[in-house]
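Note that the numbering runs from 1 along the sequence shown for the chain.
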Amino acid sequence: MPFERSYIFLDTAIYVQEGYRFQEKSLGKLAHLSHDDELKLVVPEIIKKEVAYKLREAAEEHVSKLERAADSNIIGLISESDRKRLRLDIELDKDAVVASIGETWNFYCTRCNAASVPLSSINLQEVVTSYFDGNPPFQKGRKRQEFPDAFAVSSLRAFAMQASGRPIYVVSKDKGLLEAFANDSRYLCHEDLSDILDDYNLHTEAMSPAAHRLVEENANCIGEAISEKLQEQPHLYAAQYLDDRIHIESVTVELEEVNLVEISLDRALFGIGVTYHVDAQVQDMVPLAYDDYDWDIIPRYFDGTMTAYVEILSNEQFNDLIEIASVEF
């Protein structure tokens, strides 16, 4: 099934499992996709508070370990001068360090441009009914600890009613939470974030040949867009002439090697080798007689090669060029 624009919800345990690596690995990849609105992260307020709480707990534990290490007998064997040289004489402001670590979660949600779901969206009557009836995510023997999950389930159901019809990925190790969505086709349940990112990567890799074909089929159009940019930016190949000293008459380009730099659901960035020829009129010093020069308007041409980075927008099958979004050099 082709990958399509979707929403994604991560249970708190997934953030813990990923080690809160907000800048790298799976969470880092998700941030990029979410910001580009391809796999939009949904963060119910109950989950945002729970992740913040658990991250603070982990931060306090690790900072305490650093403090204990700094006060250990082994560190005490190092001379004061060597401590300074090795930068071991820094006193930790525990509260400030913990607060700084905690802020990385807020920054991640902002970086993702995550969709927030307020606590006010929770259907409390639904949660209470599920609790007493033993419906997912509640299970026998450990009902009380499932209330955060139940609030998250209720939040996601409220969000789905107002969402744009996109499917919603639900990622959790908790089978009870996944069961709460099992019979609703709007939700796609997974136990690992990497599974979804693998699906995305496989889809975009499969689209790479189609994207290359799209460039080949629209080579003339893309060449014209590159020519227009070169006409607008003579400093790229004629830096010795100020803008008011050069008049571009024509620009011709030939597309050489085409490399796919980046591809997503309906966007691709190509690095295209370009051979260009520019005919121009320039204001320059010309010889009039022996040891006598004056300014004049004379023809000049410029030849060379460069790489043009061309961003194209297409449909999700990459068989229709919608727009040449940008051309940069």
Side-chain angles (χ1 to χ4, degrees), residues 1-15 18 26-27 29-54 105-106 108-139 143-193 195-197 199-200 203 264-266 315-316:
M1 181 179 72
F3 199 96
E4 58 182 310
R5 275 186 162 78
S6 311
Y7 293 105
I8 183 168
F9 160 81
L10 306 183
D11 187 13
T12 299
I14 300 300
Y15 295 102
E18 294 292 333
S26 294
L27 290 179
K29 176 69 172 178
L30 176 58
H32 174 73
L33 297 178
S34 181
H35 183 269
D36 288 348
D37 198 34
E38 294 176 9
L39 192 56
K40 177 68 73 177
L41 180 64
V42 181
V43 183
E45 190 173 346
I46 186 67
I47 295 296
K48 189 167 187 179
K49 291 180 179 296
E50 191 172 37
V51 172
Y53 177 78
K54 288 188 174 293
W105 167 231
N106 291 326
Y108 180 73
C109 292
T110 301
R111 180 178 163 218
C112 289
N113 194 23
S116 179
V117 189
L119 289 172
S120 59
S121 68
I122 294 172
N123 186 331
L124 189 57
Q125 181 62 51
E126 177 186 70
V127 173
V128 171
T129 300
S130 295
Y131 174 78
F132 285 106
D133 290 350
N135 297 328
F138 294 106
Q139 295 180 14
K143 286 186 174 182
R144 290 192 181 279
Q145 70 184 51
E146 300 302 331
F147 266 103
D149 286 346
F151 292 151
V153 168
S154 183
S155 295
L156 275 182
R157 286 174 176 161
F159 178 82
M161 292 177 64
Q162 301 178 14
S164 59
R166 298 182 191 178
I168 301 175
Y169 285 95
V170 178
V171 188
S172 176
K173 294 286 189 181
D174 190 311
K175 296 189 181 301
L177 189 146
L178 295 180
E179 286 175 10
F181 299 105
N183 297 320
D184 192 327
S185 60
R186 293 173 297 180
Y187 304 96
L188 307 172
C189 296
H190 289 261
E191 293 188 9
D192 290 295
L193 174 58
D195 290 345
I196 301 168
L197 297 181
D199 286 346
Y200 173 86
H203 172 77
S264 56
L265 293 182
D266 54 9
N315 58 356
E316 293 183 0

Those residues that, when tested against Leu124, pass side chain to side chain contact (heavy atoms under 4.5 Å, CB included) (two or more places apart): Val128, Phe151
Report the C-alpha separation of Glu316 and Phe3 in whole Å, then their side-chain angles, then the decisive distance to 0.1 Å, and conclude whether the side chain to side chain contact (heavy atoms under 4.5 Å, CB included) test is met. CA-CA 9 Å; Glu316 293 183 0; Phe3 199 96; over 6 Å; no
Residues that His190 engages under ring-ring contact (aromatic ring centres under 6.0 Å, His included), provided they are two or more places apart: Tyr169
Among all residues two or more places apart in sequence or in another chain, which pass the side chain to side chain donor-acceptor pair (under 3.5 Å) test with Ser155? none
Any idea which heavy atoms bring Pro44 and Ala152 closest together, and the distance? CG-O, 4.5 Å
Nearest heavy-atom approach of Cys109 to Val43 is SG-CG2, 4.4 Å
Suppose the criterion is salt bridge (charged side-chain N to carboxylate O under 4.0 Å, His left out): which pairs have a residue in residues 158-167, not counting sequence neighbours? Asp37-Arg166
For Ser121, which residues count as a side chain to side chain donor-acceptor pair (under 3.5 Å) partner, sequence neighbours excluded? none
Residues which pass salt bridge (charged side-chain N to carboxylate O under 4.0 Å, His left out) with Lys173, listed by chain and number, not counting sequence neighbours: Asp192
Test: salt bridge (charged side-chain N to carboxylate O under 4.0 Å, His left out). Region: residues 112-123. Which pairs qualify, not counting sequence neighbours? none
Test of understanding: with salt bridge (charged side-chain N to carboxylate O under 4.0 Å, His left out), list the residues that count as partners of Arg111, not counting sequence neighbours. none
Just jot down the ring-ring contact (aromatic ring centres under 6.0 Å, His included) partners of Phe9, sequence neighbours excluded, or say none. none
Atom of Leu41, atom of Cys112 and distance for their closest heavy-atom approach: CD2-SG, 3.9 Å
Mind checking the CG-CG spacing from Leu265 to Asn315? Nearest 0.5 Å is all I need. 11.5 Å
Ser264: which residues meet the side chain to side chain contact (heavy atoms under 4.5 Å, CB included) condition with it, sequence neighbours left out? Glu38, Tyr200, Arg267
Heavy-atom side-chain contact between Val170 and Leu178 under 4.5 Å: yes
With sequence neighbours excluded, residues passing side chain to side chain contact (heavy atoms under 4.5 Å, CB included) with Glu45: Lys49, Pro118, Leu119
For Pro167 and Leu188, which heavy atoms make the closest approach, and how far apart are they? CB-CD1, 3.9 Å
Can you check whether Leu193 reaches Leu27 side chain to side chain, under 4.5 Å on heavy atoms? yes
How about Arg5 and Lys40: do any of their side-chain heavy atoms sit closer than 4.5 Å? no
Those residues at least two apart in sequence (or on a different chain) that pass side chain to side chain contact (heavy atoms under 4.5 Å, CB included) with Ala160 are Ile168, Arg186, Tyr187
So do Leu33 and Ile8 actually touch side chain to side chain, heavy atoms under 4.5 Å? no
